[in-house]
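What you see is a predicted model, and the numbers here were worked out from it, not measured in a lab. Lettering follows sequence order; numbering is per chain, from 1.
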Amino acid sequence: MKRIFDAVILLPRNLLVLLLRGYRAVVSPLYGDVCRYYPSCSQYALEAVQEHGATVGSALAAARVCRCHPWAAGGVDDIPRRRRFRYRVTPFGFVVGATRKV
Amino acid sequence: MDPISTVLWPIKWAIELILVSFHTLWTAVGLDPAAGITWVLSIVGLVIIVRAALIPIFVKQIRSQRKMLEVAPQLKKIQDKYKGKRDQFSREAMSRETMELYKRTGTNPLASCLPLLLQMPIFFGLFSVLNDAQHAKVGVGFLNEKLAEQFGNASLFGIAPLHDTFVNTDTAAVRIIAAVMVVLMTGSQFITQLQIMAKNMSPEAKNSPTYRQQRILLYLLPLVFAFSGVTFPLGVMFYWLTSNFWTMGQQFLVIRNMPTPGSDAAKAREARLAKKGKLPKNAAPEEEAAAVEAPKPVQRQQPVGKNRAKKAGVKK
């Protein structure tokens, strides 16, 4: 029951994860190294969506892209960490319900 | 209005303004207002405006790339610290430290993401403007009923309608033009990419995973273009093609005159300048530094049995 619940709750962010993985595989290499920050904007978007979900994560990512303009100093800019992250991230990047306590 | 068209509205408005301005210009010069070539040239004008607006950003990037020479020793220190370490954590730490250095010294050589992503809505805006014009739908701003109809009916050489795509056309001319454009587009993108990768990358950059990915993509690109080439209207393709040509030319000039320090292109430029006897003074210390760091092999040479050593010797 809980697993189905998790899957439904996590569906929107996992769809975005898939989209972002596709972008990072196909579009990112076209541009080469472009981003003035570490992690790069697309990496940031991926982590933000994984950790904060589709809505908050997208907003965080959009704000970050707006910060990544030619007059920005750049530098290290990590995503705000959640105090408690209840899920697990697969090697591909999908977010799944934690199977065991970590 | 749905959210996407709300976002696209101002972009479409600006695109129409530029298109119509150029159309008026070309008509004033004496071109037939309803001819396809007039509209194609208007699209070319649009590309020129968009790309010219991006030049200051580009120049700024080049400037900070030059300033990179000043922080080269510090950069070298970081690179030496992580030399030969290929694992993910070392790479991450190295990127972090490098970015930190760029920030501290104000020498970030990277282009930033926003301008690149902003070009996508322009592309979709043009797509949407052309699509609307195809149905002789009035635009959101300057593209009035008469112009929209003209644009919608415009055909190149009088036979290839600009709104047609390879897939939905009945005319062979559209297919031929689209095919030629796909070839040109693939070619120009290929050359641009190859120029950057073969000449304008420092040895460190060539070791990154992005580089490997880029190499794979280089050979996948023709497929991508072939796919988009058959589904996009000719008008949109003209935008893309002109933009590609612009990038290629810009890239050529930059690689020739302001190459990335440490890349093959930079060495070629130094050689060119030395031939003319115009080598700048500050180029010398950089070479010295390169000479000093040469030794120090990272991996221990594996011991080899006598027989194998002999075999290897023969091979050479």
Side-chain angles (χ1 to χ4, degrees), chain A residues 12 15-16 18-51 54-81 89-93, chain B residues 54-64 91-120 189 192-193 196-197 200-202 204-205 208-218 220-221 223-225 247 251 260:
Chain A
L15 284 177
L16 281 180
L18 193 65
L19 204 74
L20 283 162
R21 286 295 296 213
Y23 177 90
R24 281 173 64 76
V26 178
V27 185
S28 283
L30 259 182
Y31 291 136
D33 287 334
V34 165
C35 190
R36 294 170 80 87
Y37 289 96
Y38 183 87
S40 71
C41 285
S42 57
Q43 174 77 36
Y44 185 96
L46 186 67
E47 285 178 27
V49 167
Q50 281 168 348
E51 197 156 331
T55 318
V56 180
S58 302
L60 280 171
R64 165 62 175 281
V65 171
C66 289
R67 258 178 285 147
C68 192
H69 55 77
W71 293 271
V76 174
D77 175 31
D78 283 308
I79 61 158
R81 290 283 163 208
V89 177
T90 65
F92 180 82
Chain B
L54 289 173
I55 286 181
I57 295 175
F58 197 66
V59 169
K60 197 185 165 291
Q61 186 197 346
I62 305 272
R63 282 228 186 95
S64 44
R91 291 217 141 272
E92 239 178 74
M94 184 170 140
S95 310
R96 264 170 201 281
E97 276 180 45
T98 311
M99 279 298 177
E100 206 66 87
L101 173 71
Y102 289 155
K103 188 182 182 183
R104 220 172 38 238
T105 51
T107 52
N108 204 322
L110 296 153
S112 77
C113 307
L114 191 60
L116 280 176
L117 289 177
L118 275 182
Q119 279 196 68
M120 286 186 194
Q189 181 86 36
T192 309
Q193 207 84 3
I196 302 175
M197 286 167 50
N200 206 30
M201 273 188 152
S202 57
E204 295 83 35
S208 70
T210 331
Y211 178 72
R212 259 165 279 143
Q213 231 171 354
Q214 263 175 316
R215 269 197 22 201
I216 300 168
L217 206 77
L218 189 61
L220 282 178
L221 272 181
L223 282 177
V224 177
F225 284 128
T247 311
Q251 204 59 252
T260 309

query: Salt bridge between A:Asp77 and B:Lys103, side-chain N to carboxylate O under 4.0 Å?
result: no
message: Using modelled atom types and a 3.5 Å cut-off, is there a donor and acceptor pairing between side-chain atoms of A:Arg36 and backbone atoms of B:Ser112?
response: no
- request: Going by the side chain to side chain contact (heavy atoms under 4.5 Å, CB included) test, name the single residue among A:Ser42, A:Cys66, A:Cys41 that passes it with B:Cys113.
  value: A:Cys41
message: Does any backbone or side-chain atom of B:Glu92 lie under 4.5 Å from a heavy atom of chain A? Answer side chain, backbone, both or neither.
response: both
message: Distance check, rounded to the nearest 0.5 Å: B:Leu110 atom CG versus A:Tyr38 atom OH?
response: 13.5 Å
query: Which heavy-atom pair separates B:Leu117 from A:Val65 by the least distance, and what is that distance?
result: CD1-CG1, 3.4 Å
message: Can you give me the closest heavy-atom contact between B:Met99 and A:Tyr37, atom names plus distance?
response: CE-O, 3.5 Å
- prompt: Between A:Gly75, A:Cys68, A:Ala25, which has the largest tally of heavy atom pairs under 4.5 Å with chain B?
  reply: A:Cys68
